[in-house]
Every structure is written in C-alpha cells, then in structure tokens.
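Some notes on the structure that comes next.
The shown structure was predicted, so the numbers you read here are calculated from the model rather than taken from an experiment. We number each residue from 1, following the sequence as shown. Values below: all heavy atoms of this structure, side chains included; hydrogens, waters and symmetry mates excluded.
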Amino acid sequence: MSSSTRDHGGEQPAPEFVQMNNLVCESVGGKVLFATDDWFAAAENLLKKGDPEFKTGLFTEYGKWMDGWETRRKRIPGHDWCIIELGVPGVIHGFHVDTHFFTGNYAPRISVQGACLQENISLPTRGDRIGSAATEEDFKAVERLHSEKWEYLLEMTELTPGYAESCHSYFHVNSKERWTHIRLNIYPDGGIARFKVYGIGQRDWSSCGPNDLEDLLSMANGSVCLGYSDAHYGHPRNLIGLGRAADMGDGWETARRLDRPPILKVTN
C-alpha cells in the first residue's frame with residue numbers, strides 16, 4: 001500500500017527526490033493517452049521539460065493561451081482526469097505539481113493513482129486536442145483500463161495558486177512497486193502547468209536477449225544521480241538521459257570556479 005505526505009514549495013527547499021529522474025517527461029517518452037477535457041490548453045503541456053511560460057495578451061480562439069493543462073468549468077457530474085504513460089517505468093519517490101501562472105484558474109485539488117500494466121494499451125490517437133473534450137468513443141476505449149480502480153499513490157489533497165511564492169507543491173510517495181501508468185485527477189476542473197513524477201527506472205529485463213548490449217548507466221536501466229558538486233547550468237542527471245542531447249543545456253555544466261588564479265602559468 002502506498003502513502004504520501006505533503007510538502008509545500010514556496011521559500012522552502014525542494015525535497016531530495018527532485019534530484020532523481022522525471023519518469024514522465026516528454027523528453028524520455030512520457031505521453032498523455034487520454035484526457036477528459038483539453039478546452040483551454042492540452043494535457044501534453046504537463047510533460048514539457050522546460051519551465052512554464054506566460055505570454056501577456058496572447059489568446060487562442062478558445063480563451064487565454066496557457067502553458068499547461070486547463071479544462072473548462074465542470075457543468076456535468078464528475079471531475080476531470082487524464083491517463084499518462086511513463087516514459088520510463090519504475091519506482092516512484094515523489095510528485096512535483098507546478099501551478100505557475102494559474103492563479104484564479106488553478107485546479108484546487110488533485111489525487112494520483114497508478115498501475116503496472118503488462119499489455120500494450122490501444123487508445124484513439126489524441127492529435128491536437130485544444131478546444132475539445134473526450135468523445136464517447138474515447139470514453140468507451142479508456143473504460144477497458146478500469147483506471148478508477150487503480151491504487152492511490154496520493155489521496156485527494158489541496159493545491160496552491162500559481163503565484164511565484166506558492167506555485168510549487170511536492171508530495172512524497174512511499175512505494176517500492178514498479179509503475180507504468182498514472183491517472184492524474186483534478187477536482188473538479190482547472191489548470192496545472194507542469195506535473196513531474198520523480199523516481200528510479202526499473203527495467204523489465206525479461207525483454208532483453210542474452211547477447212544484447214545495454215547501457216547500464218542509462219536512467220531506463222535504473223541509474224540515478226546520487227550527488228554532485230555543482231549544477232549551475234545543467235543537472236548531471238542529463239548525462240544518463242535517453243537519446244542524444246537536444247542542445248548544450250541538455251547536459252551537465254558547472255559554474256566557473258572563482259578561486260582560479262587571475263593569470264594562468266605553466267609550472268614544471
């Protein structure tokens with residue numbers, strides 16, 4: 001059974017689990033499989049690697065442009081939710097929920113459920129979902145997952161508005177199990193900028209052949225950064241990410257040491 005504790009962000013330091021790998025980031029293959037509503041902003045924005053942005057005066061035909069997932073006000077029974085496939089299945093140590101810039105329209109409460117699914121999931125392709133909601137066909141397809149019965153990793157809890165001093169909420173998860181999919185519930189509706197799932201990848205080694213060459217330092221195979229001296233320009237966990245780096249910022253770079261001599265000399 002999993003349990004969770006709450007730790008607000010703001011001026012308090014972030015918990016240690018944020019040094020681990022983000023298992024749902026789009027850059028490692030995390031993807032949204034289903035969402036009840038994407039009217040103002042699509043759920044895919046939750047998984048972006050970069051920090052959320054705010055663009056003053058920018059509107060779409062559906063309303064204010066927002067860099068996150070934002071649903072309409074609920075006028076039918078129920079609440080909004082989405083299904084997320086982890087890019088790297090593994091053991092989850094904590095969640096980071098960022099409501100940045102969602103001040104009067106943030107989701108006031110959330111809960112998180114998880115599952116470890118063995119079979120491949122076949123759901124309708126989402127495509128460009130802004131300005132739309134799940135169709136009857138979408139709901140029928142996702143019903144086969146019985147996601148409402150998945151185990152709770154985080155029971156319903158309150159979020160805080162998206163001001164700089166209150167937008168970050170952290171939730172510790174006590175679970176040793178392997179997870180492949182997440183159901184993120186918001187109550188009853190609203191917006192979230194980013195959703196990060198921190199943990200350690202756990203590979204299903206039964207899928208590997210005896211002669212396969214594997215990168216044992218890859219985050220997908222259970223590697224994790226345990227500590228570092230400096231991460232001024234880039235976190236060292238980028239070194240164990242999947243695929244090629246997108247740019248120089250997608251690596252590990254430290255700050256210049258201020259105790260270097262002003263003039264370098266060659267010594268014998």
Side-chain angles (χ1 to χ4, degrees), residues 17-35 38 41-52 67-69 81-98 112-130 138 141-142 145 147 150 153 173 175 177-184 192-209 212-225 234-252:
F17 66 70
V18 301
Q19 307 302 331
M20 297 182 179
N21 303 314
N22 180 8
L23 305 180
V24 299
C25 184
E26 63 177 5
S27 65
V28 301
K31 64 179 67 173
V32 175
L33 302 181
F34 170 87
D38 299 270
E44 279 75 8
N45 293 327
L46 291 170
L47 313 184
K48 288 181 177 179
K49 185 173 183 177
D51 293 333
D67 190 9
W69 176 37
W81 50 280
C82 67
I83 299 292
I84 301 171
E85 179 180 356
L86 273 64
V88 176
V91 178
I92 297 172
H93 287 252
F95 302 121
H96 173 198
V97 183
D98 183 355
V112 183
Q113 296 167 264
C116 184
L117 305 181
Q118 304 300 325
E119 70 280 1
N120 292 326
I121 297 177
S122 178
L123 294 175
T125 303
R126 279 177 52 79
D128 184 9
R129 300 293 298 189
I130 188 171
D138 294 331
V142 79
L145 300 180
S147 62
W150 291 358
L153 301 177
V173 176
S175 171
E177 298 179 55
R178 179 178 185 267
W179 306 98
T180 62
H181 292 77
I182 289 293
R183 171 168 161 154
L184 173 62
I192 294 174
R194 296 289 186 270
F195 177 62
K196 298 180 180 180
V197 178
Y198 286 103
I200 301 175
Q202 191 175 96
R203 179 77 174 272
D204 178 8
W205 292 103
S206 64
S207 62
C208 301
D212 291 347
L213 293 177
E214 299 291 341
D215 179 5
L216 300 182
L217 200 60
S218 169
M219 64 176 286
N221 295 330
S223 183
V224 65
C225 176
H235 199 288
R237 64 169 167 246
N238 292 332
L239 296 174
I240 59 175
L242 305 186
R244 296 181 63 86
D247 49 42
M248 194 172 100
D250 193 19
W252 177 35

Backbone N or O of [Y] within a donor-acceptor pair of the [X] side chain at under 3.5 Å?
X: Q113; Y: W150; result: yes
X: T125; Y: G127; result: no
X: N221; Y: S218; result: no

My understanding is that only residues two or more places apart in sequence, or in another chain, count here; which of them pass salt bridge (Lys or Arg N to Asp or Glu O under 4.0 Å) with [X]?
X: R194; answer: D67
X: R237; answer: none
X: K49; answer: D250
X: D98; answer: none

Straight-line distance of [X] [atom1] to [Y] [atom2], nearest 0.5 Å:
X: N238; Y: N21; atom1: CG; atom2: CG; value: 9.5 Å
X: C208; Y: R203; atom1: SG; atom2: CZ; value: 3.5 Å
X: W252; Y: I240; atom1: CH2; atom2: CD1; value: 12.0 Å
X: E44; Y: C82; atom1: CD; atom2: SG; value: 9.0 Å

Pairing residues for [X] by the side-chain contact (heavy atoms from CB on, under 4.5 Å) criterion, not counting sequence neighbours:
X: I130; result: T60, Y62, D128
X: L213; result: none
X: I121; result: L33, L117, L123, L145, H181
X: C116; result: Q118, R178, T180

Who passes side-chain hydrogen bond (donor to acceptor under 3.5 Å, both in side chains) against [X], sequence neighbours left out?
X: S27; answer: none
X: D215; answer: none
X: N45; answer: K48

Got [X] and [Y] here, is their nearest side-chain heavy-atom distance under 4.5 Å?
X: L46; Y: V24; result: no
X: S147; Y: F34; result: no
X: F195; Y: I84; result: yes

Are W179 and L153 close enough, and set up right, to give a side-chain contact (heavy atoms from CB on, under 4.5 Å), and what steps lead you there?
CA-CA 10 Å; W179 306 98; L153 301 177; 3.4 Å; yes
Quick check: are there more than 12 heavy atoms from other residues, nucleotides or ligands sitting under 6.0 Å from CG of N120? no
Please output the side-chain donor-acceptor pairs of residues 85-97 that fall under 3.5 Å, not counting sequence neighbours, one pair per line with the distance.
| residue | atom | partner | partner atom | Å |
| --- | --- | --- | --- | --- |
| H96 | NE2 | H168 | ND1 | 2.8 |

Between L23 and Y198, is a side-chain contact (heavy atoms from CB on, under 4.5 Å) present by the stated rule, with each step listed?
-> CA-CA 6 Å; L23 305 180; Y198 286 103; over 6 Å; no
Checking Q19, M219, M20 against V224 for side chain to side chain contact (heavy atoms under 4.5 Å, CB included), the one that qualifies is M20
Determine, stepwise, if the pair V28 / N22 fulfils side-chain contact (heavy atoms from CB on, under 4.5 Å). CA-CA 8 Å; V28 301; N22 180 8; over 6 Å; no
